[in-house]
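Take a look at the structure below.
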Amino acid sequence: MTEIKVIGQGLPGMPWEEKPQGCGSVVWRHRANPIIGRNPSPNCARVFNSGVVPWKGGYAGVFRADHRDGTARLHAGFSADGLKWDIRDEAILWKDESGADYQPRYAYDPRVVLLEGRFYVVWCCDFSGASLGLGVTEDFEAFVRLENPSYPYNRNGVLFPRRVGGKYLMLHRPSDPAHTPFGDIFLSESPDLVHWGRHRKVMSRGGSGWWQGTKIGAGAVPIETSEGWLLFYHGVSGTCNGYVYSFGAAILDLERPSKVLYRTRDCLLAPEEAYETTGFVPNVAFPCATLCDAPSGRIAIYYGAADTFVALAYAKADELVAYVKANSELLPGDAEDFRQ
Ligand code: BMA
């Protein structure tokens with residue numbers, strides 16, 4: 001195996017379990033999944049599809065919490081070990097840059113990234129329909145909403161953890177106002193997190209398998225490695241009973257991440273366990289965050305399960321990257337800096 005280096009900080013205390021004996025996959029589940037069950041606080045009926053980061057020797061996160069009225073909100077949460085989470089019962093109350101209160105009508109699927117010393121949150125919010133929201137916090141107490149990075153309709157916005165070529169980069173998935181029966185991953189860049197342009201298509205749905213045939217969307221913040229940016233992404237298959245969400249991984253070019261170097265032909269994890277197949281929306285495994293210990297290459301993947309639970313899975317960067325390289329299938333345009 002070539003030596004694969006993860007670029008980033010050490011996180012030796014992060015959640016981790018060795019691969020179970022006999023497991024034939026490069027991604028394996030946490031034994032005590034799900035780590036967040038139903039009704040974790042009086043206001044929150046279901047918590048899933050959420051962003052977590054290392055914070056103050058422990059962990060903090062922004063969580064998608066569907067309230068008892070069925071509406072999605074964002075809540076802050078804290079954990080000493082990354083496994084037991086204390087989810088705030090009250091939704092985040094955003095301020096805009098002038099200091100005025102701002103409360104989105106709904107808010108879901110947050111991703112959180114530490115970028116230049118501050119924590120940025122990208123989520124899906126209402127802007128005459130589903131669109132991306134962008135905000136920032138330094139302490140997970142005060143949250144400031146910034147300029148809208150997209151116009152409707154868009155979802156699955158994921159910021160890179162550093163500038164590339166001097167520019168901020170965001171992956172996103174143009175969509176429709178409903179449950180979007182299509183979708184590819186795009187990349188836009190910005191000099192200031194306000195003006196976005198130089199749009200490129202990163203990767204398309206499809207391939208020889210069906211698991212990513214209907215749509216795909218960026219999952220967790222990309223992990224920088226010596227082989228390229230490691231991106232977990234979800235893929236959706238259409239069935240007679242609705243969509244099925246699984247996930248795979250891709251490796252994007254370090255200098256020009258609109259170019260895909262490798263992507264998994266088969267999914268890495270498909271809904272199989274009861275907490276993935278049974279819930280508010282059955283058959284959903286939706287990754288939104290990772291923790292990574294760079295020196296050991298240990299990766300913990302946080303994913304929403306059945307739009308009801310938060311679950312964890314693990315991978316080793318060297319084994320995973322080697323697998324993605326050896327089992328890759330690119331689609332037309334994936335390898336290019338595509339703007340046709
Ligand atoms: C997508 C989003 C996700 C959800 C998924 C499956 O459109 O709404 O939050 O996990 O559908 O319901």
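Because the structure is a prediction, the values reported are computed rather than measured. Each ligand, and each atom within it, is numbered from 1 in the order the structure gives.
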Quiz item: Residues two or more places apart in sequence or in another chain: which of them pass salt bridge (charged side-chain N to carboxylate O under 4.0 Å, His left out) with Asp69?
Solution: none

Exercise. From the options Arg298, Lys316, Arg31, select the one residue that forms a salt bridge (charged side-chain N to carboxylate O under 4.0 Å, His left out) with Glu18.
Key: Arg298

Exercise. Anything with a heavy atom under 4.0 Å from ligand 1 counts, so go ahead and list those protein residues by chain and number.
Key: Asn49, Arg64, Tyr108, Asp109, Tyr245, Val281, Val284, Phe286, Asp307

Practice problem: Just jot down the ring pair (Phe, Tyr, Trp, His ring centres under 6.0 Å) partners of Phe160, sequence neighbours excluded, or say none. | Solution: Trp229

Quiz item: Under the criterion side-chain hydrogen bond (donor to acceptor under 3.5 Å, both in side chains), which of Lys167, His199, Arg198, His195 is the partner of Ser188?
Solution: His199

Quiz item: How are the rings of Phe119 and Phe140 set to each other: parallel, tilted or perpendicular (split at 30° and 60°)?
Solution: tilted

Self-check item: Which residues share a side-chain hydrogen bond (donor to acceptor under 3.5 Å, both in side chains) with Glu17, sequence neighbours left out
Solution: His30

